[in-house]
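Structure first, commentary second.
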Amino acid sequence: MLNPIETIDKLSQEHTATGAELLALLTCEDPFINEALRQKAQAQAQKTFGNKIYLRGLIEFSNFCKNDCLYCGIRRSNKNASRYRLIPAEILECCATGYELGLRTFVLQGGEDFAYDDKRLAEVVALIKKQHPDCAVTLSAGERSPEVYQMWFEAGADRYLLRHETANSNHYEKLHPAELKLATRLECLQNLKSLGYQVGTGFMVGSPFQKLENLVEDLHFLKKFNPHMVGIGPFIPHKDTPFGECEAGSAKLTLKLLSIIRLLLPQALIPATTALNTLLSNGHQQGILAGANVIMPNLSPQNVRDKYNLYDNKKHSGSEAAEGIALLRKQLAELGYEIAISRGDYPGVIR
Ligand code: SAH
């Protein structure tokens, strides 16, 4: 059953597809078929979430990193990166601003900064939850021990984002230094799930050495792991990394993958990411129309936004968070969507 239209029907009805079916769909260039896929994915998102879009306020709390991922602009060997670390009071201020704007989820993302010690981060989480008991806290701070994940969970963290980056271990090794292994990453993801976190994973589209077959592996991994959240975005080169001269991933393929992931995992929370919005001027809207249902506005203080540069030309609205959200509300309204003032938890059973 390699007819892409039949694959789209199967994805919509049974939420599965074989590797051969996915590969045929990914290579299909027929605009009518690709539009049919997009429409089914948008309909599925609306079936699960109605016309509501959830916002997550992103706070980039540190760009120090002990890792040396070959694609990432804040890797430790990038001597041109100007490093910063927000103090807890600054993080709390970002949350207070976000709360006023109607945000009910705060995402604390950073490099693997071991000077930001685990206890200190636990204290920050507890303070946020104390000041905003109706909000969810998401952490995105890399690979840690089960004990640290547990401490953060007990402090009140609700969710954790850790992209698997690629489900193929050979490909993983081409993107990371020798000390980083796919098996460790997958173990972390499993530990996070067992502890009771809502877990998000995902990958870059068009990362160096990636083949379409790898994307099929990524899709099958997602189906099997069944995460609560899935973040994907195009790879974008950063000039001070070994991949500085590589080509960026395709926004079109990213949109197509968003639609396939929406149909594979109908209940997942899926953001239209900053990377997608960096490559496409209306990337947020296009992501929503392809089946995404989350947007992550940046709440980091203006003076550090230019420093959390994972890739070149990262889009900043250039405006204060408040203006940014007012504009977003208007853009979404044009498409018939509304911003929800709610935590926007996973709608299924957390397991
Ligand atoms: N240290 C945290 C946060 C990493 S940054 C962690 O390890 O999880 C969040 C995501 O940005 C990464 O998982 C990666 O998929 C993405 N990213 C990093 N560099 C990128 C680049 N050059 N282009 C596009 N996305 C990138």
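Read the numbers this way: they start at 1 and go in the same order the structure lists the ligands and their atoms.
- Between the side chain of D312 and the backbone N or O of K239, at least one donor-acceptor pair lies under 3.5 Å.
- Between the side chains of N293 and R262, at least one donor N or O sits under 3.5 Å from an acceptor N or O.
- The side-chain tip of R104 points at the ring of Y99 from less than 6.0 angstrom away and within 45° of straight on.
- Within 6.0 Å of CG in N313 there are 12 or fewer heavy atoms belonging to other residues, nucleotides or ligands.
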Provide, line by line, the atom pairs where ligand 1 and the protein bring an N/O atom each to a distance under 3.5 Å; else say none.
residue: ligand 1; atom: 1 (N); partner: G110; partner atom: O; Å: 2.9
residue: ligand 1; atom: 13 (O); partner: E165; partner atom: OE2; Å: 2.5
residue: ligand 1; atom: 15 (O); partner: R163; partner atom: NH1; Å: 2.9
residue: ligand 1; atom: 15 (O); partner: E165; partner atom: OE1; Å: 2.7
residue: ligand 1; atom: 15 (O); partner: E165; partner atom: OE2; Å: 3.3
residue: ligand 1; atom: 22 (N); partner: Y71; partner atom: O; Å: 2.9
residue: ligand 1; atom: 22 (N); partner: I236; partner atom: O; Å: 2.7
residue: ligand 1; atom: 22 (N); partner: L310; partner atom: O; Å: 3.4
residue: ligand 1; atom: 23 (N); partner: I236; partner atom: N; Å: 3.0
residue: ligand 1; atom: 23 (N); partner: I236; partner atom: O; Å: 3.3

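- Ring geometry for H228 versus Y346: interplanar angle over 60°, hence perpendicular rather than tilted (30 to 60°).
- Of the candidates H171, H238, H176, Y71 forms a ring-ring contact (aromatic ring centres under 6.0 Å, His included) with just one, namely H176.
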